[in-house]
Protein chains: 2
Amino acid sequence: MEPVTKQFKKRNAILACLKSTDSHPSADWIYAQLKNEYPDISLGTVYRNLTLFKQQGMIQSLGTVGGVERFDGNTDPHVHFICTGCDSVIDLPQMEVPQSLCSRAAEDTGGRVAACQLTFTGTCQSCCLRKTS
Amino acid sequence: MEPVTKQFKKRNAILACLKSTDSHPSADWIYAQLKNEYPDISLGTVYRNLTLFKQQGMIQSLGTVGGVERFDGNTDPHVHFICTGCDSVIDLPQMEVPQSLCSRAAEDTGGRVAACQLTFTGTCQSCCLRKTS
DNA sequence: GATGTAAATGATAATCATTCTCATCAAGGA
DNA sequence: TCCTTGATGAGAATGATTATCATTTACATC
């Protein structure tokens, strides 16, 4: 199961870590996870490689939540829900932005549309329960 | 035309400045604009009051574009296009997120949905032209 | 008009996520 | 073996945002 080459060992680990979770983590969270297996990993390396993966389209960024950038290893188009109470991000995988809106956007702007992002914000179920209890 | 009270003079100016533009500015941009009329205004005051307006629902935040938070004085639901070339933000006022998606989001999460944001990213018309020329 | 109070503000320091720099190291080719 | 290239670690630098605190302002009461 060992990779043939030890090159890109940490790089691959960063990508694998992000792909293996649906928690839409921050760079710091990934860093903390990998710190166990790679005690000498640097936070700079995590940022560096996340930027690289972004450029290559292998991952996507959700933008910042509470001042921190959050990443998503799932590049399939899907919708997100962000809880303003606990900053958790939840996938809404069954939902999709109608294609008609995307083409309208390109027409209306006269530019090129590369991606679209639909995000709901509100209070998640557990935060709702916490408040009423 | 002078307001009856001079209280909240700068606060009102900040809100008026944001409401009077469709450029979806940053705190720093608003600060630079007001610096002319109010040479002693502080950047902290701009941030403070924008945070206040946000909490009161009088304005909305678009999140960060190129690492800086951008604001919108228009709280009517509408769609945005962000150019990754020049970081400009353009309104797509005719477009709306189908109500069916919003209710689906509430159902699927079991939480409370407060807002939704649909954002297209890509290259605006002038950046497209600049590239090909 | 003098005074007290509470809120608003300016100046600036502090915070903190992110990026940059540079020395070091590993891998592969000549 | 030597050389080149790219990846990394450590830590400094950056820069947007927030916090602090002394000062000012507006308004109410006397």
Side-chain angles (χ1 to χ4, degrees), chain A residues 2-18 23-56 58-72 82 84 87 89, chain B residues 2-18 23-56 58-72 82 84 87 89:
Chain A
E2 271 292 303
V4 180
T5 171
K6 294 199 171 179
Q7 220 181 355
F8 310 129
K9 203 178 171 187
K10 290 171 184 169
R11 172 170 299 180
N12 289 332
I14 292 165
L15 187 58
C17 176
L18 180 55
S23 69
H24 311 81
S26 64
D28 199 66
W29 186 92
I30 296 173
Y31 172 68
Q33 299 298 115
L34 295 178
K35 196 82 182 172
N36 296 322
E37 193 175 357
Y38 305 92
D40 66 340
I41 198 172
S42 163
L43 183 57
T45 297
V46 176
Y47 273 108
R48 246 190 313 251
N49 285 300
L50 287 174
T51 302
L52 185 69
F53 297 146
K54 242 193 312 188
Q55 286 168 350
Q56 297 176 337
M58 305 172 72
I59 68 174
Q60 61 174 324
S61 168
L62 302 185
T64 61
V65 178
V68 194
E69 186 168 15
R70 301 282 285 269
F71 300 90
D72 193 340
I82 301 180
T84 52
D87 285 350
V89 179
Chain B
E2 272 292 304
V4 179
T5 171
K6 294 200 171 180
Q7 217 181 356
F8 312 128
K9 206 177 169 187
K10 290 171 184 169
R11 172 170 298 179
N12 289 331
I14 291 165
L15 186 59
C17 177
L18 180 55
S23 70
H24 310 83
S26 64
D28 199 66
W29 187 91
I30 296 173
Y31 171 68
Q33 298 299 115
L34 296 178
K35 197 81 182 172
N36 296 322
E37 192 175 358
Y38 305 93
D40 66 339
I41 197 171
S42 163
L43 182 57
T45 297
V46 177
Y47 274 109
R48 247 190 311 249
N49 284 300
L50 287 173
T51 302
L52 185 71
F53 296 146
K54 243 193 313 185
Q55 287 168 350
Q56 298 176 336
M58 305 173 72
I59 67 173
Q60 61 174 324
S61 167
L62 301 185
T64 61
V65 178
V68 301
E69 187 168 15
R70 301 283 285 270
F71 300 91
D72 192 342
I82 300 179
T84 51
D87 285 349
V89 179

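Protein chains get the first letters and strands the later ones, always in sequence-line order, with residue 1 at the start of each. From a predicted model like this one, the values you see are computed outputs, not experimental measurements.
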Next on the checklist: Between A:W29 and A:C17, is there a side-chain heavy-atom distance shorter than 4.5 Å?
Outcome noted: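 Side chain of A:C17 against side chain of A:W29, heavy atoms only: contact under 4.5 Å found.
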
Next on the checklist: Side chains of A:M58 and A:L18, heavy atoms from C-beta outward: is any pair under 4.5 Å?
Outcome noted: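 They are not in side-chain contact.
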
Within this structure, what is the [atom1]-to-[atom2] distance between [X] and [N], rounded to whole angstrom?
X: B:L50; N: D:dT18; atom1: CG; atom2: P; answer: 10 Å
X: A:F8; N: D:dT8; atom1: CZ; atom2: P; answer: 8 Å
X: A:D40; N: C:dA23; atom1: CG; atom2: P; answer: 20 Å
X: B:K9; N: C:dG10; atom1: NZ; atom2: P; answer: 12 Å
X: A:D28; N: C:dT19; atom1: CG; atom2: P; answer: 13 Å
X: B:N49; N: C:dA8; atom1: CG; atom2: P; answer: 8 Å
X: A:D87; N: C:dA17; atom1: CG; atom2: C1'; answer: 14 Å
X: B:L52; N: D:dA19; atom1: CG; atom2: P; answer: 14 Å

Of the candidate nucleotides [options], which contains the atom at the shortest distance from the side chain of [X]?
X: A:S42; options: C:dT9, D:dA10, D:dT8; value: D:dA10
X: A:I41; options: C:dG10, D:dG9, C:dT18; value: D:dG9
X: B:E69; options: C:dG10, D:dT8, D:dT17; value: D:dT17
X: A:T51; options: D:dA7, C:dT19, D:dT18; value: C:dT19
X: B:K10; options: D:dG9, D:dT17, C:dT9; value: C:dT9
X: B:Y47; options: D:dA7, D:dA10, D:dT18; value: D:dT18

Checklist entry - Can any side-chain N or O of A:R70 pair as donor or acceptor with the backbone N or O of A:L62 at less than 3.5 Å? => result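 Such a contact is absent between A:R70 side chain and A:L62 backbone.
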
Next on the checklist: Both A:A27 and A:R48 contact DNA chain C. Taking the nearest nucleotide for each, which residue is further toward the 5' end?
Outcome noted: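 Nearest-nucleotide comparison on DNA chain C picks A:A27.
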
What is the distance from atom [atom1] of [X] to atom [atom2] of [Y], rounded to the nearest 0.5 Å?
X: B:I59; Y: B:K54; atom1: CD1; atom2: NZ; answer: 7.0 Å
X: B:E37; Y: B:K9; atom1: CD; atom2: NZ; answer: 7.5 Å
X: B:T45; Y: B:I30; atom1: OG1; atom2: CD1; answer: 12.5 Å

Checklist entry - Going by atom types only, do B:R48 and B:T51 share a side-chain donor-acceptor pair under 3.5 Å? => result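 The criterion, which ignores hydrogens and geometry beyond distance, is not satisfied for B:T51 and B:R48.
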
Checklist entry - Reckon A:R11 touches a base, only the sugar-phosphate, or nothing at all at heavy-atom distances under 4.0 Å? => result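 Sugar-phosphate only.
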
Item to check | For DNA chain C, the residues among residues 58-68 of chain B that have a non-hydrogen atom under 4.0 Å from it | outcome: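 Within this stretch, nothing sits under 4.0 Å of the strand.
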
